[in-house]
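Below is one structure; the comments refer to it alone.
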Amino acid sequence: MSDNWDVIVIGSGAGGASAAYKLVKAGKRVLMLEKGHRLPRDASTLSTEIVFKEGRFYTTVEWQDGRGEPFKPTGEHYNLGGKTKWYGAALLRFSAHEFEADPAFQCLSWPFGLSELEAQYAEAERMLHVNHFKNEPELQSVIDKIIKHDPDWRVEPLPLGLKPEIVNDPEEAKHFDGYASVAGYKGDAEECFINLIENEPNFRLLLDKEVETFLHADNAPEAIEGVVCTDGSAFRGGTIILSCGAMTSPRLLEDYFAATGLAGKLPCAALIGRNFRMHINSALIVFSFFKDHDVLRKTAIFYNDRHPHSTVQCLGWIDGDLLATQLPAVTPEFVTSLIGKRALGFFVTTEDGSSLDNRVISNRGGRPILDYEFGRIKHSYDEHKACIRDFERALLFAGFAGASQWTGLAGTAHAVGTLVTGDDPATSVVDAHGKVHGMTGLYISDGSVLPRTSRVNPALTIYAWGLRLGEKLASMN
């Protein structure tokens with residue numbers, strides 16, 4: 001096939017894979033370029049030592065925060081399927097009110113309501129094998145004690161993109177939350193979308209292809225016609241879909257705008273990289289009176305109207321090996337093993353409001369910058385702390401004690417918002433269908449478009465956005 005395509009998709013994560021699937025099935029000639037490679041199937045992706053302690057599959061790119069301090073964002077993964085290979089499989093819909101503005105909490109509005117994504121939510125849930133699993137006995141006993149003490153905490157089954165047979169494979173069941181499945185039990189972008197189209201004659205996947213910039217029409221940088229990769233190769237396409245995630249997509253666009261002069265011409269340029277959000281996430285580890293016999297464990301989510309922008313999810317399996325990666329290296333193995341046998345984990349998540357000053361900056365030639373401060377989103381930070389205190393109190397009355405810790409600036413697994421969608425080019429970067437304001441041929445399909453984070457994991461909404469975008473582009477001539 002030639003190097004002139006109907007559509008070029010940059011990135012293979014949730015948004016890119018779902019859009020590509022729709023376009024290929026509609027008969028469009030689609031080229032997908034992925035910066036990374038396939039993950040191995042040798043069980044190394046299920047190893048706590050390799051995944052968490054050695055960090056073999058994390059990005060090697062060093063960033064800096066707003067004060068110039070270096071860090072590596074462990075939530076970023078460059079491989080086929082992107083972050084979806086490593087996510088915890090929690091696939092929840094946003095609520096109707098989470099598509100609306102909430103000025104008191106610094107939350108932006110979507111350019112449409114929940115009904116616009118209903119069909120795509122349903123399709124994504126089906127394709128990703130979303131299931132509800134029964135709470136295992138020990139977790140259920142904890143839930144019962146919490147609810148008995150404070151009925152304001154209500155519990156719902158956590159929808160998980162896991163095939164039911166995972167419960168018969170303890171090794172996979174213990175290692176799906178933060179690990180990449182070897183057997184294909186987890187619903188991810190590669191397993192559930194790319195594998196379904198990879199052998200189609202109108203689809204081509206190129207791995208280890210990092211895109212550097214865009215090709216454009218003569219004397220018209222706003223008219224995108226293709227891409228150039230870091231190895232010098234170039235590809236032309238009628239439509240380009242940028243799907244590199246909220247940490248990378250804005251940097252590509254910022255660099256292109258700066259190089260072509262669009263930064264001073266298009267109103268949306270001032271918004272590129274801004275309104276960054278990643279959820280305020282804290283891990284809460286408590287120690288129980290029983291030794292852990294539950295295996296799956298991540299099957300329930302807590303809500304409380306006292307904290308309307310927050311949720312508490314159960315974490316997956318925690319053992320001594322996993323705890324050892326978070327404790328000082330001098331901690332004896334028998335101590336981490338003993339603690340791990342009685343550890344129970346929760347994930348406290350709070351929606352972070354938008355601030356123009358919380359942003360990703362390309363800083364071309366130097367380390368990219370993630371400038372993010374809680375002081376700019378005080379309401380979010382205050383609710384997060386209150387939610388943790390409230391849940392810790394409920395746990396204490398239920399007979400459990402422990403400690404919480406913010407995942408830190410490196411915990412960017414839920415990064416969104418740096419190219420937000422909206423109707424006004426002065427306050428958003430892309431329109432309601434993902435086209436960059438003032439440009440032709442360039443669309444965005446990843447978490448960067450989300451105006452709100454909501455109080456739940458954003459993956460399902462990114463998949464739904466990609467499906468909707470794919471349908472829109474497929475219907476165009």
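Quick caveat, the model's predicted, so the values are computed rather than measured. What you see below is based on every heavy atom in this structure, not just the backbone, and it leaves out hydrogens, waters and symmetry mates.
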Apply salt bridge (Lys or Arg N to Asp or Glu O under 4.0 Å) to the pair R455 and E351, showing each step before the final yes or no. CA-CA 5 Å; R455 56 182 171 175; E351 177 174 17; over 6 Å; no
Per the salt bridge (charged side-chain N to carboxylate O under 4.0 Å, His left out) rule, what does the pair list look like for residues 103-122, sequence neighbours excluded? R93-E118, E116-R468
Would you find more than 12 non-hydrogen atoms of other residues, nucleotides or ligands less than 6.0 Å from R364 atom CZ? no
Pairing residues for S243 by the side-chain contact (heavy atoms from CB on, under 4.5 Å) criterion, not counting sequence neighbours: V9, I241, S445
Apply salt bridge (Lys or Arg N to Asp or Glu O under 4.0 Å) to E198 and R38, showing your working. CA-CA 13 Å; E198 188 168 4; R38 293 182 192 272; 2.2 Å; yes
Please examine the side chains of W86 and D188, heavy atoms only from C-beta on, and report whether any two atoms are closer than 4.5 Å. no
Do we see a donor-acceptor contact under 3.5 Å between the side chains of T60 and K72? no
My understanding is that only residues two or more places apart in sequence, or in another chain, count here; which of them pass salt bridge (charged side-chain N to carboxylate O under 4.0 Å, His left out) with D6? none
Got a donor-acceptor contact below 3.5 angstrom from the D446 side chain to the G245 backbone? yes
Spacing of L262 atom CG and L253 atom CG [to the nearest 0.5 Å]: 9.0 Å
Between W5 and R29, is there a cation-pi geometry (under 6.0 Å to ring centre, at most 45° from the normal)? yes
Are any of the side-chain heavy atoms of L409 and W63 separated by less than 4.5 Å? no
Any residue meeting side-chain contact (heavy atoms from CB on, under 4.5 Å) with T412, in chain and number order, not counting sequence neighbours: P73, E76, M247, M278, L370, A415
Can L315 and F346 be said to form a side-chain contact (heavy atoms from CB on, under 4.5 Å), step by step? CA-CA 5 Å; L315 286 173; F346 298 92; 5.6 Å; no
Between the side chain of E383 and the main-chain N/O of S310, is any donor-acceptor distance below 3.5 Å? yes
R56 versus S44, side-chain donor and acceptor atoms under 3.5 Å: no
Output yes when a side-chain donor or acceptor of R41 lies under 3.5 Å from a complementary backbone atom of V182, and no otherwise. yes
Partners passing ring-ring contact (aromatic ring centres under 6.0 Å, His included) against F176 (at least two apart in sequence or in another chain): none
Rounded to the nearest 0.5 Å, what's the gap from OG on S354 to CD1 on I377? Could you check? 9.0 Å
Verify the ring-centre separation between H77 and Y58: is it less than 6.0 angstrom? yes
Note: E123-K25 ion pair, threshold 4.0 Å (strictly below): no
Are the side chain of S448 and the backbone N or O of A246 linked by a donor-acceptor pair below 3.5 Å? no
Distance-only polar pair, side chains of Q313 and N457, donor-acceptor under 3.5 Å: yes
Whether the side chain of N131 engages the backbone of L162 through a donor-acceptor N/O pair (distance < 3.5 Å, no angle test) should be reported. yes
Atom pair CZ (F302) and CG (L158), whose distance is rounded to the nearest 0.5 Å: 11.0 Å
For T350 and H279, does a side-chain donor sit closer than 3.5 Å to a side-chain acceptor? no
Mind telling me whether Y372 and F276 have parallel, tilted or perpendicular rings, with 30° and 60° as the class edges? perpendicular
Pairs meeting criterion salt bridge (charged side-chain N to carboxylate O under 4.0 Å, His left out) with involvement of residues 155-175, two or more places apart: none
Spacing of H175 atom NE2 and S181 atom OG [to the nearest 0.5 Å]: 12.0 Å
Output field: ring centroids F94/Y121 closer than 6.0 Å: no
OG1 (T461) and CZ (R452) are apart, to the nearest 0.5 Å, by 11.5 Å
Answer yes or no: is there a donor N or O on one side and an acceptor on the other, between the side chain of K186 and the main chain of K85, under 3.5 Å? yes
Over 60° means perpendicular and under 30° means parallel, so classify the ring planes of F52 and Y179, tilted if in between. perpendicular
Do V295 and E136 come close enough that some side-chain heavy atom pair is under 4.5 Å? yes
Classify the angle between the aromatic ring planes of F112 and W465 as parallel (below 30°), tilted (30 to 60°) or perpendicular (above 60°). parallel
Within the side chain of E34, is there an N or O that forms a donor-acceptor pair under 3.5 Å with the backbone of G36? yes
Are H309 and D102 close enough that a side-chain donor and a side-chain acceptor fall under 3.5 Å? yes
Does the E98 side chain pair with the main chain of S454, one donor and one acceptor, at a distance under 3.5 Å? no
Look only at the side chain of T84 and the backbone of A189, and say whether a donor-acceptor pair between them is shorter than 3.5 Å. yes
Between the main-chain N or O of N358 and the side-chain N or O of R274, is there a donor-acceptor pair closer than 3.5 Å? no
For C229 and F235, work out which heavy atoms get closest and say how close. SG-CE1, 3.9 Å
Taking atom types as modelled and ignoring hydrogens, do the side chains of D255 and S362 form a donor-acceptor contact shorter than 3.5 angstrom? yes
